[in-house]
Structure formats: structure tokens, C-alpha cells
Amino acid sequence: MSVHPNLIGAERSLAASGDTFVSTMPATGAEVGTFPRSAKVDVDRAVASAKAAFDGWRLTPAPERGAILFRFADILRAHKDELTLLMTQEMGKVAAEAGGDVQEAIDMSLYMAGEGRRLSGQTTPSELRDKFMMSVRMPIGVVGAITPWNFPIAIPSWKLAPALICGNTVVLKPAEDTPLLAQRFVELLHEAGLPDGVVNIVHGFGEEAGDALVRHPDVPVLSFTGSRETGIAVTKAAADNLKHVHLELGGKNAIIVMDDADIDLAVDGIVWSAFGTAGQRCTAASRVIVHRAVYDELQKRLVARVEKLRLGLPWDPDTDIGPLINAAALAKVHSYTEIGLGEGAKLLTGGEPGSSDGFYYRPTVFADVEAGMRIAREEIFGPTTTLIPVGSFEEAIAAANSVEYGLSSSIFTRDVNKAFRAMRDLQAGITYINAGTTGAEVHLPFGGVKGTGNGHREAGQAALDVFTEWKSIYVDYSGKLQRAQIDNQ
Ligand code: ADP
């Protein structure tokens, strides 16, 4: 099989070492493609290419940069079916969700394309006469984007569309489990008219190509989505050069179901949020905190629904749950079933691999879970959820907030007072009322508090803060020296 090359400037090149790795389908093990296993020397070339392209790109008018993103959105739309099918194959999410993943990239590209005619700063009056003041957003330079496999088209778009509209150039190191989708993403960006070198892609492993990108002195901004452990390693490696590091890490998201909730609606929300993408979303609902008054009823209705979910080939329209991404993920998810049983939680359904082919795991529900148990605190990243009974609203909020993560949260209640208290008191970057924990739209900030990140956000206007520096500009047209804080006192 021929090797899909790194795209560096106008060149398509293999790793200098000649090493390669293979991407396979999690559902069947079939090969998807072969890619360069890049190392520092390859990353150095990609960064040099992005650095050389920076001046040309930052001086391109932002509306012109936006026009390329508008074209890119059109091209993505034209390729939506191709990318959707490829995503079911290379990543393994089911077709409806794969289409949603591509749609999110279309939406993000359109949103950021429009930003080309805004990128607003502030103007504000001066305390002195005949003086003008404003702030403008400045691009920073080469952005290192390191992405995971679970949203193989959407997450690159969350990073690249804002980075590009702001005038930065990019080196993308995509996840080693989904390189072909990232490759197609960048090829289509080039098709939209992006100049050579503005976006470069280097394939390879995290500890090799990824680490080289993180440490490269000519990469002042890193945008990383992945595990908490890797996020911490990235932060440490970037510290010596005082890089800007944007992190989007894990979650242990909770849905609260109060005694006044619409139980069928709550079950819909739980099933979608806990088992969509086989639970492999950072916003997945891996905890359900349930008021004791509705605990038995909710268990009954939830298990009945979960047991109807169909495992199968992800490109088959009848499939509800696809495979996990790889053998390590399957082993990790199963190890948490054993941990849960060892901790004394009650296994209601699932708890075992789904078939001998592919990395399937049955949707798993544990009941009688206590907030302090490991299955209720640690990110499992699979189709496992835990039911935690509580006696009051206050206890529910305390349980929800008892984990080290703070990405998404949700409450099902018909009581408007409880809904507003939850909006205020849930420690999370995202709160849903009467909906599950997944379903973010591109024009609001996305990200989390506590161990989920480091204070930055993707999407919406907030993304622009990751990819720009503010410059404050003072224009004195008085013709004389005027001293702020002194001459006007
Ligand atoms: P996951 O558990 O989702 O695979 P990781 O954090 O391991 O999460 O991987 C997310 C991305 O980070 C991938 O592109 C991976 O190659 C990259 N990565 C892993 N380790 C490192 C590292 N030490 N430095 C930079 N990137 C890394």
C-alpha cells in the first residue's frame, strides 16, 4: 500500500527515517492506510514551512482569509458523504454521528469565516484631549495543533478555523488512530485555496512527532485536546519557552435527575449522552445522579432502553453502538467493569465485550454507585455509566461537583428555581437544562473548569483569545507631550 505523505509546504514527503505506521478500522481490523512515522527532523521542516508562510498569511486581509474558509465549508459539504463513510471506517462512530462530526466542521468554518469581517477590538475614550485609543487582535505565529481521534474532523476544525482566520499558520499533528481523516481535512483546505505552508500536517506518534512539536522554539501556541495526563506533560514541556498552551482534557460528566423530572425525557438524554459514540466523548455522561424518589423507575426504564441498543458495523444504518477505538481502549473499559464490581457496585446490564470481531463493548450500567468510587471519579471513555442515588437537590449538586473534572453537566427538573440554582452551582464549563451532557454548538465557548483544562475555551468568540494577542494602541494627535495619570490631574 502506498504511503499517505506528510504535507509540508508544497511538498508531500515521507518521514526522513522512512518509518511508517498503519491505520486500521476498529470494526474489522482492515487497513485504512499507511502513514509516515515522523520524528523531530520532520517536525522541524514543517515548522520551518509554517514560519516562512506566516508573514504572507498575517498580511492577507482577514476577509480574504475568510473567503477561503467559506470555500472550505462548501468543499466539506460536497465531501460530507465521503468523509462520513470514512469516519465510520477509520474511527468507528456510527453514520449519523459521523455526519454530525463533519457538519460541525462545516459550521465552525462558516462561523470563523464570518469572523474575517469582524475580529473586533475595542475603542474607548482617552482621559486626555486629542488622543485616540483602541485595541486590536494580533496573530501570534505558528500554532501547533495536536488532536485526538474521537472527533477526527470536528476537532481539527475547532483549532484550525480560528487559528487561520486570526492570521496564524499551523502544524497539525493528528491522532495516530485517525490519520486519513486529518489528511483529507488538510487536502480539502488546500483545495479551498490556502497558500502553501499555511497549514502543514505531520503524522506520527505523540511521544515522537507530538513531543517535538510541543518543544519546538518556533511554535509559540499549542492547542491540545486529549487526556489529562498528556495535557500535563504538554504543559511541562512547553513551560521553558513560556508558550501559550490551550488544553481541552477529560470529563466525568453528570446528569442529575430530580424527583420532578420527565423520566422518559431523562432516559432519552442519558442514553444519547452515555452511549453515543460508544461513550468516547469528553462530554459523555458517565454519571447519573438520581433522586431516590425516582431511582427504581429510572433504572427500570433505562435498562430496558439500553438493552435494545444494537451493536454493529458503524456504517450500517441500523447500528446504534459502534466499536471502541482500539484494543487498549477495550481493555481499559473492561478493567473498569472489574473495578466497579470490586467496589461493590451493582451491574445492571452489559459489562462484557460485544463480539469476537472488532473492539465492541456492551453498553454497561452500574447502580448503587457511591460518589467516591473509582468508577464514579475516573474517566472511563467507553459505554459505561454509573447511577448514584441521592436524597436531595443539595446532595445531587455536591455529588456532581465532587470530581476533579468540570466539563459538562446537566439537570432534568421541571422546577425553574432548581434549574437556575444548578446553572449557578454546577462546577462545569457547560450546563444543560432538560438535555443530556452532549450537544455543544459552535458559537458558544466549549471547555471546562478544574482538571478539564487551563482556563481557555474553544469555539465561539472565546476561541479567538487562544489564537491572538491583544495590542493596545494610543494615538496622540495633540502635537505635544501628554502624560497619562499626571497632566490631567
Ligand atoms: P487519547 O487517550 O485520546 O489517545 P492522548 O492524550 O494520548 O489521548 O492523545 C491525544 C493526542 O496527543 C494524540 O494526537 C497523541 O498522539 C498526542 N500525544 C500523546 N502523547 C503526547 C506527548 N507526550 N506530547 C505531545 N502529544 C502527545
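When a ligand or atom number is given, it counts from 1 through the structure's own listing order. Since the structure is predicted, the reported quantities are computational estimates derived from the model, not experimental observations.
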Quick one: ring-ring contact (aromatic ring centres under 6.0 Å, His included) partners of Phe381, sequence neighbours excluded? Trp149

Is the shortest side-chain N to carboxylate O distance from [X] to [Y] below 4.0 Å?
X	Y	value
Arg137	Glu469	no
Arg215	Asp240	no
Arg457	Glu248	no
Asp74	Arg71	no
Glu404	Lys252	no

List the closest protein heavy-atom neighbour of [atom]: residue, atom name, distance to the nearest 0.1 Å.
atom	result
atom 17 (C) of ligand 1	Ile146 CG2, 3.6 Å
atom 10 (C) of ligand 1	Thr225 O, 3.7 Å
atom 2 (O) of ligand 1	Ser227 CB, 4.2 Å
atom 9 (O) of ligand 1	Gly226 CA, 4.6 Å
atom 25 (C) of ligand 1	Gly210 C, 3.4 Å
atom 3 (O) of ligand 1	Trp149 NE1, 3.5 Å
atom 13 (C) of ligand 1	Thr147 O, 3.5 Å
atom 20 (N) of ligand 1	Thr230 CG2, 3.3 Å

Number the atoms of ligand 1 from 1 as they appear, then name those within less than 4.0 Å of a heavy atom of Glu176, with their elements. 13 (C), 14 (O), 15 (C), 16 (O)

What are the atoms of ligand 1, with element, lying closer than 4.0 Å to any heavy atom of Asp211?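 Within the 4.0 Å cut-off of Asp211, ligand 1 contributes 24 (N), 25 (C).
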
Check for me whether [X] has a heavy atom closer than 4.0 Å to any atom of ligand 1.
X	answer
Leu213	no
Phe381	no
Ala175	yes

Hey, can you pull the donor-acceptor pairs under 3.5 Å for the side chains in residues 19-27, sequence neighbours left out?
| unit_1 | atom_1 | unit_2 | atom_2 | d |
| --- | --- | --- | --- | --- |
| Asp19 | OD2 | Ser17 | OG | 3.4 |
| Ser23 | OG | Glu90 | OE2 | 2.7 |

So, for Tyr361 and Phe275, is the gap between ring centers shorter than 6.0 Å?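 Distance test on ring centres: not under 6.0 Å, no.
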
Taking atom types as modelled, find out whether Ser13 and Asn6 have a side-chain donor-acceptor pair closer than 3.5 angstrom.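 Result is no, nothing qualifies.
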
With heavy atoms under 4.0 Å as the rule, classify the contact between Asn150 and ligand 1 as side chain, backbone, both or neither.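 The answer is neither.
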
Would you call the rings of His4 and Phe35 parallel, tilted or perpendicular, where under 30° means parallel and over 60° means perpendicular?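 Parallel.
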
Gly206, Ala329, Gly144: member with heavy atom nearest to atom 26 (N) of ligand 1: Gly206

